[in-house]
Amino acid sequence: MASAVPLKVLDLREQRYSCHGCGDCCRDFSVQLRDEDLDRLREQRWEERLGAPVTVEFRGRRYLRQQPDGACLFLQPDGLCRIHAEFGFDEKPVACRLFPFNLAPDASGVRAGLNFACSSVRANRGEALSTHRRDLDRALREVPEAATIAPPRLDRDLRAEPSEEHSIAEGLDAWLKRPGVPLSIRLDGFAWLAQSLGAASFAKVRGPRIRELVDLLVSALPGELEHLPVEPPGGGQRRMLRQAVFARIEDPRFTGDERKPSIRARLSQWNRSRRFSRGRGAVPSLARGWRLPEDFESIEAMPKVDATGETADLVIRWLRASILGGRAWGTGYYGWPIADGVQALALDVACLGWLARAHAAGEGTAAVDLASVAEALGRIDRARGRAVWLGSAGERLRLRYFAADDGLRRLVRANW
Ligand code: SF4
């Protein structure tokens with residue numbers, strides 16, 4: 001039965017994707033399961049065959065169990081999925097079949113966006129996105145709640161009309177793709193737009209006036225940035241940024257003992273978090289396979305990201321895809337109001353810059369180049385919209401802190 005809800009595949013002609021079978025999405029990824037997935041796993045009789053549970057409960061949700069190194073239990077040494085190999089593509093969990101796409105319903109349909117944790121998406125390799133429509137339509141039929149009409153909010157209690165949401169998305173997109181503007185200025189302008197939207201009183205500005213407001217803000221760029229210079233971030237802002245990075249790269253392991261994590265595991269996590277906060281001395285592990293920088297000081301000593309050429313193309317594709325593909329606010333981002341979601345994306349830009357500099361410091365390179373930005377983006381975008389703690393009240397408070405006192409702009413400028 002065809003879904004009555006229109007599916008809008010991300011309309012970004014610059015972006016391509018096909019799976020190249022790297023298996024990266026089966027490593028360090030928590031795969032949340034639906035009831036239908038659990039039924040299928042039961043029918044496949046894995047627990048009898050393997051003699052051990054294949055799922056794990058964590059904070060009231062069910063996930064696929066992982067191997068000790070963070071790889072999915074079903075990931076074989078040849079890099080292929082065992083469920084896929086034995087039962088076929090259609091028998092895998094829905095999340096696995098959808099990745100790197102996500103489905104985000106709003107008032108006018110369901111948007112299919114893209115996750116840049118996928119290396120083929122980052123490298124822009126493969127077919128046009130429209131060629132995946134059939135698979136996405138099929139996945140949509142298996143995710144009935146995606147068909148629930150859910151307009152995003154402008155504010156805590158105000159639902160946005162489709163035209164209002166469209167005005168904001170179009171305005172942001174127009175700025176991001178404006179030709180001839182260096183990436184560092186585009187990102188600074190994006191952080192300024194995020195802060196300005198956060199300060200807007202949407203109870204008084206509705207309908208066509210939202211379009212006027214956004215057009216006014218966007219037309220003021222980039223000139224406005226010169227009139228509003230910002231200081232480098234203060235110590236508190238830098239500390240909070242490192243904490244934000246930690247929250248984005250620290251994933252729980254679903255190896256089976258998370259209901260009673262050992263004291264040692266808890267202490268180790270607490271210790272890593274403290275070291276990130278302090279920002280001095282040895283750096284705890286950043287990501288699987290990454291070389292560690294000597295210390296936090298060597299990260300701070302790295303230059304800003306070399307934001308030209310392919311690096312600029314990658315970062316702008318990611319931001320545009322997040323906004324146009326429904327991953328920046330509303331159902332694609334923890335149900336957050338539009339302005340809060342845009343601010344979270346601006347914070348991710350700052351986190352991405354910091355993490356790319358950390359990667360380059362670990363590699364011992366003099367410049368923060370495309371390879372480091374691509375690696376860092378693979379980590380930052382992995383968690384966004386999925387990790388429950390990034391949608392928490394504490395995270396919203398962190399954003400309020402950053403948005404005050406030009407914190408988002410200051411942190412973006414310090415890293416880009
Ligand atoms: S079930 Fe298969 S596709 Fe899904 S994460 Fe595990 S190995 Fe990858």
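All residue numbers in this chain count up from 1 along the given sequence.
Remark: the W318 side chain and the D381 side chain contain an N/O donor-acceptor pair separated by less than 3.5 Å. Side-chain atoms of R357 and N415 include a donor-acceptor pair closer than 3.5 Å.
Nearest approach of A220 to W192, heavy atoms of both residues: CB-CH2, 4.3 Å. Here the closest non-hydrogen pair linking S285 and L292 is CA-CD2, 3.6 Å. Taking each heavy atom of L7 and L103 in turn, the nearest pair found is CD1-CD2, 3.9 Å. Of all the heavy atoms in T311 and L370, the pair that sits closest is OG1-CA, 3.4 Å. Considering every non-hydrogen atom in both L176 and R186, the closest pair reads O-NH1, 2.6 Å. In this structure, A339 and F202 approach most closely via the heavy-atom pair CB-CE1, 4.5 Å.
A salt bridge links R317 and D313; the closest N-O separation between the charged side-chain nitrogens and carboxylate oxygens is under 4.0 Å. A salt bridge links E395 with R248: at least one charged nitrogen is closer than 4.0 Å to a carboxylate oxygen. By the 4.0 Å N-to-carboxylate-O rule, D155 lies too far from R206 to be salt-bridged with it. The existence of a salt bridge linking D173 and K177 is confirmed by a sub-4.0 Å separation between a basic side-chain nitrogen and an acidic carboxylate oxygen. Salt-bridge formation is detected for the pair R272/E250: a Lys NZ or Arg NE/NH1/NH2 atom is positioned less than 4.0 Å from an Asp or Glu carboxylate oxygen. A salt bridge is absent between D37 and R62: the closest approach of a Lys/Arg side-chain nitrogen to an acidic carboxylate oxygen does not fall below 4.0 angstrom. The existence of a salt bridge linking R211 and E164 is excluded, since no basic side-chain nitrogen approaches an acidic carboxylate oxygen closer than 4.0 Å.
Looking at R398, its side chain never comes within 3.5 Å of a backbone N or O of A393 through a donor-acceptor pair. At distances below 3.5 Å, not a single donor-acceptor pair connects side-chain atoms of R327 with backbone N or O atoms of A321. Between the side chain of S18 and the backbone N or O of E127, at least one donor-acceptor pair lies under 3.5 Å. Here the side chain of R122 pairs a donor or acceptor atom with the backbone of F116 at under 3.5 angstrom. The closest donor-acceptor contact from the side chain of Q195 to the backbone of L408 lies under 3.5 Å. Judged by distance alone, with hydrogens and angles left aside, the side-chain atoms of Q15 form no donor-acceptor pair with the main-chain N or O of N124 at under 3.5 Å. Within the 3.5 Å criterion, the main-chain N or O of E231 finds no donor-acceptor partner in the side chain of R409. R242 places no side-chain N or O within donor-acceptor distance of the main-chain N or O of Q237, the cut-off being under 3.5 Å. No donor-acceptor pair under 3.5 Å is formed between the side chain of W175 and the backbone N or O of E170. Under the 3.5 Å distance criterion, the side-chain polar atoms of S167 are matched with a main-chain donor or acceptor of S163.
Using a 4.5 Å cut-off on side-chain heavy atoms (C-beta onward), I83 and R40 make no contact. Taking 4.5 Å as the limit, some side-chain heavy atom of V368 sits within range of a side-chain heavy atom of M302. You'll find the side chain of L183 stays beyond 4.5 Å of the side chain of V305, heavy atoms only. Put simply, the side chain of R386 reaches to within 4.5 Å of the side chain of S30, judged on heavy atoms. Taking the side chain as every heavy atom from C-beta outward, C81 and K92 approach each other to under 4.5 Å. Between Q243 and F276 there is no side-chain heavy-atom pair separated by less than 4.5 Å. Here the side chains of C96 and V31 are in contact, with some heavy-atom distance below 4.5 Å. Side-chain atoms of I168 and L154, non-hydrogen and from C-beta on, do get closer than 4.5 Å to each other.
Among residues two or more places apart in sequence or in another chain, the side-chain contact (heavy atoms from CB on, under 4.5 Å) test is passed with P208 by none.
Atom CD of E310 has 12 or fewer heavy atoms from other residues, nucleotides or ligands within 6.0 Å. Heavy atoms from other residues, nucleotides or ligands lying under 6.0 Å from CD of E297 number more than 12. Within a 6.0 Å sphere centred on CZ of R138, heavy atoms belonging to other residues, nucleotides or ligands number more than 12.
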Would you check, one step at a time, whether the test side chain to side chain contact (heavy atoms under 4.5 Å, CB included) holds for R278 with F296? CA-CA 9 Å; R278 210 173 44 208; F296 279 100; over 6 Å; no

Which is it for L347 and F402 under the side chain to side chain contact (heavy atoms under 4.5 Å, CB included) test, yes or no, and what are the steps along the way? CA-CA 8 Å; L347 176 56; F402 281 131; 3.6 Å; yes

Derivation and outcome, side chain to side chain contact (heavy atoms under 4.5 Å, CB included), residues L241 and C351: CA-CA 7 Å; L241 178 69; C351 290; 3.8 Å; yes

Working note: R111 + D106, criterion salt bridge (Lys or Arg N to Asp or Glu O under 4.0 Å); need CA distance, chi angles, decisive distance, verdict. CA-CA 8 Å; R111 290 198 232 180; D106 61 23; 3.0 Å; yes

Go through the steps for D405 and R410 under the test salt bridge (Lys or Arg N to Asp or Glu O under 4.0 Å), then give the verdict. CA-CA 9 Å; D405 201 17; R410 290 161 77 164; 3.2 Å; yes

Worked verdict on F190 versus L172 for side chain to side chain contact (heavy atoms under 4.5 Å, CB included): CA-CA 7 Å; F190 181 68; L172 294 170; 4.1 Å; yes

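Note that CG of L98 and CG of L136 are 6.5 Å apart. Values are rounded to the nearest 0.5 Å. Atom OG1 of T55 sits about 10.0 Å away from atom CG of L73, to the nearest 0.5 Å. F246 CZ to L355 CG: the interatomic distance, rounded to the nearest 0.5 Å, is 12.5 Å. Between atom CD1 of residue I323 and atom CG of residue L10 there is a gap of 11.5 Å, rounded to the nearest 0.5 Å. The CZ atom of R65 sits 11.5 Å away from the SG atom of C72 when rounded to the nearest 0.5 Å. Taken to the nearest 0.5 Å, the CZ atom of R379 stands 13.0 Å off from the CG atom of L352.
Between H132 and F101, the ring planes lie tilted relative to each other; the angle falls in the 30° to 60° range. The aromatic rings of W336 and Y334 sit tilted relative to each other, their planes meeting at an angle between 30° and 60°.
Every pair passing side chain to side chain donor-acceptor pair (under 3.5 Å) that includes a residue from residues 286-295 is listed here, sequence neighbours excluded: D28-R288, W290-E375, D295-S298.
Applying side chain to side chain contact (heavy atoms under 4.5 Å, CB included) to L193 and the options V342, D188, V218, V214 leaves one that passes, V218.
When ring centroids are compared, W46 and F74 come within the 6.0 Å threshold.
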